[in-house]
Every structure is written in structure tokens, then in C-alpha cells.
Number of protein chains: 2
Amino acid sequence: MTERTIAIGALELDGGQILPAVEQRVAIYGDPNCGRVALVLHALTGDHRAAAWWPGIVGEGALLDPREHCIVGINMLGSCYGSTQTRERITIADIVRAQRRALDRLGIERIDLAIGGSMGGMQALQWAHDAPERIGRAIVIGAPDRTGTTAIAFNTIQRDALALDPIAGLGLARKIAMLSYKSDALLSRRHGRRPDRNGRTGFDVEGFLDAQAAKLIERIDAETYRTLTHAMDSFDLSEARWPERTPPLTFVGISSDTLFPAREVRDAAERIACAGIDAGYLEFRSDHGHDAFLAEDAALAQLLTRHMRYNIVPTGATTQ
Amino acid sequence: MTERTIAIGALELDGGQILPAVEQRVAIYGDPNCGRVALVLHALTGDHRAAAWWPGIVGEGALLDPREHCIVGINMLGSCYGSTQTRERITIADIVRAQRRALDRLGIERIDLAIGGSMGGMQALQWAHDAPERIGRAIVIGAPDRTGTTAIAFNTIQRDALALDPIAGLGLARKIAMLSYKSDALLSRRHGRRPDRNGRTGFDVEGFLDAQAAKLIERIDAETYRTLTHAMDSFDLSEARWPERTPPLTFVGISSDTLFPAREVRDAAERIACAGIDAGYLEFRSDHGHDAFLAEDAALAQLLTRHMRYNIVPTGATTQ
């Protein structure tokens, strides 16, 4: 794996502002000249090092194997993992515009597969919309074609927490988010009403949430969190005009997802299919909740392998 | 309606501490000597003035009509609505112990019906458990026989918000709570992705949440909120021994409830029925979410009227 920071110059945002001297961080797994390029887009608090957080999808023996594919993990504009941060209001389209420029600089024109979960799925869909000629297929997991009301509400109150305190508030924001990522069934099974397993006062689920908060404040800052949740809120391709040459789209809904319910993901696939685009829908059965795309990535890879493998080949190649 | 503050003397808590000179606030609708007494228990941020927040259940022409019943609305120990506040950790059993004493002082021995939703339902169930000889029937709405993991987690992070700021944090706690009270379907239908209807920056759902927060901080304080959420967390009658003379129990699950899922309410009814107690289950179909017991109280009253009316009569009277 190689990490690089790519200077992409000034970037015009959807809002009209211009960000000067933008940098875009990427991780490259495998040989860029192997002829099969997959682009892996990350979720709200993820980064470009896709093999680290998505081992069932990226890695030797995984869905995307660096011995067979060149896998590009790409950071979001606005994220503290090496790309340019900003206090401007940016959109998913802005994030994808910066990513397109970075791939231009890398000399990667054609992407056989764009894949991501949650906010990463939004980027994959935006790529298919904005650069259809460059994408062979987009896989959109745990995300519909617009951010729904409940997700906006969850993001809003997380930003309220940041406004109270940039550190403790970020920890609280993470805890709030966890309750939209994990299902009731999972929390009940794992923690029930048991006392904290580490012997502190309170219930076990409180210790779990404390630990999640402590981990996040070590690796993300409030500005990133604020910028990227606003970008997520702005996402709405539900009334977009889909180009005729839009690549095939695969939406994957997570059965227990309460943040981006499977029903909304299926509705998105149907809406786009009605516009004459090849848009399919798969349901990933899991009782984990929204986070299943990360926590049960091996099972997700199995589902995707069964249904998608033949598509992850260079354009024009014969289906295997 | 008459409001009274009743001095009940010193109260021993489950934790062993003694609260001196406890006062208990009540509202009495109708004639205490009419022979039919209903006790109405309130939820986390409610109060004893039941007709104000539950007009479909309490009032002329409602399920409980003060022309036919004496309806006692009773405040929770620890609440800022006129009962003694405390920083001690109290339980639902402590709250009910104080209420029993208050009814003793009022000379009300027999309660034909104890009814409440959410934390009010927990109190109704605790009454049936702790004073079975005094209760003719308990109706437990939107509450199981124990506070589940997700509800504990939601309460925990709300107290985290209070710890950041007693005023703004209380507002944030209310917003967090609203996302456990209102269903995704309701929020989507009411607010969608529309801009704020009052012209402020942001989405309409943000304005809704801001308004809810602003209203709550005018009427509740952080101490009440902290004390009562801890009491809610402590609630667990799932392994209780149910007295043989336990009155009939009616559990009502709300189909779209994510805080206290209908499934858990039904499980509670089944668990208690397995112990040989007359415990039934009704499902209240609503897409509103947990708050349906308040927001759709007229429909709830219809459901309860159809199924329960014959029970709301004095002990020994013939079923009408």
C-alpha cells in the first residue's frame, strides 16, 4: 500500500466559493497498471486506508484483492485524515469533484467499480451521476439517493453537542451516532441490563458508549465532524436527471438499519430504475443495524461476491 | 380540578437513605366519594395535571370522565412539579411508595384503575406489584416490565448532555429524546427535507427540534431530568415474584415504538401471564412512534374503551 497526498489546485465549490491549493489524500493497494481499478469511498469518520477498516472488502482473499485489482482508497475533502479541511459548507458533489481531480493527477481515467457504505455509498452514487463515463459500476451500501429526515435530525443534534464543547461534545456526538448505527437487538444481546463489565458505575452499555466516545475524540476533530455531517445533510439526488450512459447501480439495503432504512434504499433503486437506468437492489440481512456494512463485512463480501463478481472486470472484458 | 400538596413525612428509599419531610403533589378531578377511582401516572416530563396532557383519556367525554370517576393525577417524587426533589438515586418503587402514602393521607384506599404511558406505565405496573390489594386493574402503555438497553443508552447520553451544560444541555437532551419518541415515518412525512418553515437557516426538522428544546427548558430542570431518567433506568420487574392476588394487567404496545418496542411489551405480558397472572396484550397501531400514547390519545382511548370499559367499575360491581 502506498499513501500519497495529491495537490489538485484550486477547487470551486457548489456554493460558489473557491478553496485554494486543495490537497487530496489517497491510499493505493495493488498495481495501478493492472487494468482493474476499484475506488473505495469511506463513511463519516473513516479514511482512505480502506484495508484497515474494511478487511472483508479490501485485502488478500477479500472481495477486492490487491493481487488482482488496483484499489484506490480516497479520503474526503474536509476530513482530517490528510485532505484539505475547510469551514465552508461543502457538498457530496464537492467531495467527489476533488476526488475526480486527484484521480486525474494519478492518471487513472477509468474506474471499474466505485463502492462505499453510508456516506461512502453517497459518494459512489455521486460519482456515477457526475462522471458516468468513468465508472463501470457503483455499489451503494446502506445509503439511499438522499439523506432522510431522521438522519438529518441525528446529524443536527450531534452538531449541537459539538457547539457545547469541541472535545466532550464530540464524544457525545459519537454516542448519539452509535444509537443510530447499532440496532436495539444488537445492544440488547451484547449489553442487556448488565452492570459495566469493567466494574465502573452504571450499565454495560454506558461503558460501551464511553469507550466509543474516547476512541473517536483521539482521531477526529470537531471541524471535520461538523463539515462532513453538513455535507451528508445536503445529499439529495432523488430528483436528479440521470445521464443515459449512467453505469449499472447496485443498492444494498441493510435489513436492520434505522438510520438509512432498507425501505428507503430500495425506494431509491426503484426511483432510478424508473428513469430507465440499470439500478438493482439487494438486501443484506443482518440484525446489527446500520454499522453492519463495517461490522459484518465478511458476510457482506459474500453477498456481493455472489451477485457482483462478474462485474468487477475491466470494461469490455468477458463476464467470467 | 383541585390541586393539593400532601405532606407524607419521611420516606425510606430502596437505597436505604431516608428523605425527610416528603411532599407529594396531586390533582383531583371529580368526586373522591363517587366510588370509582382512577389513578393516572405521568411520563418523564409530565405532571399530575393529567387532563392537560392526556385530554383523550381524562376529561368530560373522555375515557375517564370526572362526572363518573374520581381521577387522581399524581406527580412523581423527584419531579419539579411540586413534589419533593432529590439528588438521591430513587427507583420506580420509591416513586410509587411516596404515591401510596399520599393516597393514604387522602383516604383513598381502593384504586379501580391505575393507568399510565411510558414511565407512567412503569409506575402503574409497580403499583400492581407492590399494592395488589388496592388496584382493580393496571393499564401499562408503551412500557415493558423492564427498561431495555436502548432506552438506558438514550437516557445515559441525555445525562451526558446535562453534564455539559444544565440549560443548553437539557435542550439537547430533549432533542435526543425526541428522536426516540418520534418515528422515522412521522418525521419524514412532517418535515422531509424541507427548509425551516419559519425561514431560519437549516431544515424544517431542525426548527422542530429547536422548538421542542426551548419549550422543555422553560418547564423542567436538569436535576429532575437526571433523577427521573436514573429512576427509569433502574426499572426491572422482569424477574419479580408476582403475588397471587395481582390484579388483571393490560399491556399496550405501540406498533412503531423504537424506544420500548411493541415486541418487548408483548414479551412482558407473556412473561407475567406465564406466572399465572391475568396479563393481556393489546397493540396500538400508529406510525407516530413512542409518543403516540400522547399524540394520538383519542385513538388510544377508543382502543381502550372497546377493550377495557367493563373493568373501570368499582370492585364487586356488575360488569356493564
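The chains referred to below are lettered A, B, ... by the order of the sequence lines, with proteins before strands, and numbering in each begins at 1. Computation of the quantities below employed the complete heavy-atom set of this structure, encompassing side-chain atoms and omitting hydrogens, waters and symmetry-equivalent molecules.
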message = Heavy-atom cut-off 4.5 Å, strictly under: side chain, backbone, both or neither for B:D233 against chain A?
response = both

Sequence neighbours excluded - salt bridge (Lys or Arg N to Asp or Glu O under 4.0 Å) pairs with any residue from residues 167-178 of chain A = A:K175-A:D210, A:K175-B:D160

ask   = Minimum heavy-atom separation for A:S188 to B:T149, with atom names?
value =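 Heavy atoms of A:S188 and B:T149 come nearest at CA-OG1, 3.2 Å.
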
query = For the residue pair A:A168 and B:L164, what are the closest heavy atoms and their distance?
reply =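 Of all heavy-atom pairs spanning A:A168 and B:L164, the closest is CB-CD2, 3.5 Å.
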
When rounded to the nearest 0.5 angstrom, what is the spacing between [atom1] in [X] and [atom2] in [Y]?
X: B:D184; Y: A:T258; atom1: CG; atom2: OG1; answer: 8.5 Å
X: B:I176; Y: A:I157; atom1: CD1; atom2: CD1; answer: 5.0 Å
X: A:L172; Y: B:R159; atom1: CG; atom2: CZ; answer: 12.5 Å
X: A:F208; Y: B:T156; atom1: CZ; atom2: OG1; answer: 12.0 Å

So which part of [X] gets closer than 4.5 Å to some heavy atom of chain B, the side chain, the backbone, both or neither?
X: A:S238; result: neither
X: A:Q158; result: neither
X: A:L187; result: both
X: A:R263; result: side chain

Side-chain (B:R146) to main-chain (A:R193) donor-acceptor, under 3.5 angstrom = no

More than 12 heavy atoms from other groups under 6.0 Å of CZ on B:R89 = no

query = If you draw a 6.0 Å radius around CZ in B:R219, do more than 12 non-hydrogen atoms from other residues or ligands fall strictly inside?
reply =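 Enclosed.
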
ask   = Should A:L179 and B:F154 count as side-chain neighbours, where that means a heavy-atom distance under 4.5 Å?
value =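 Contact flag for A:L179/B:F154 side chains = yes.
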
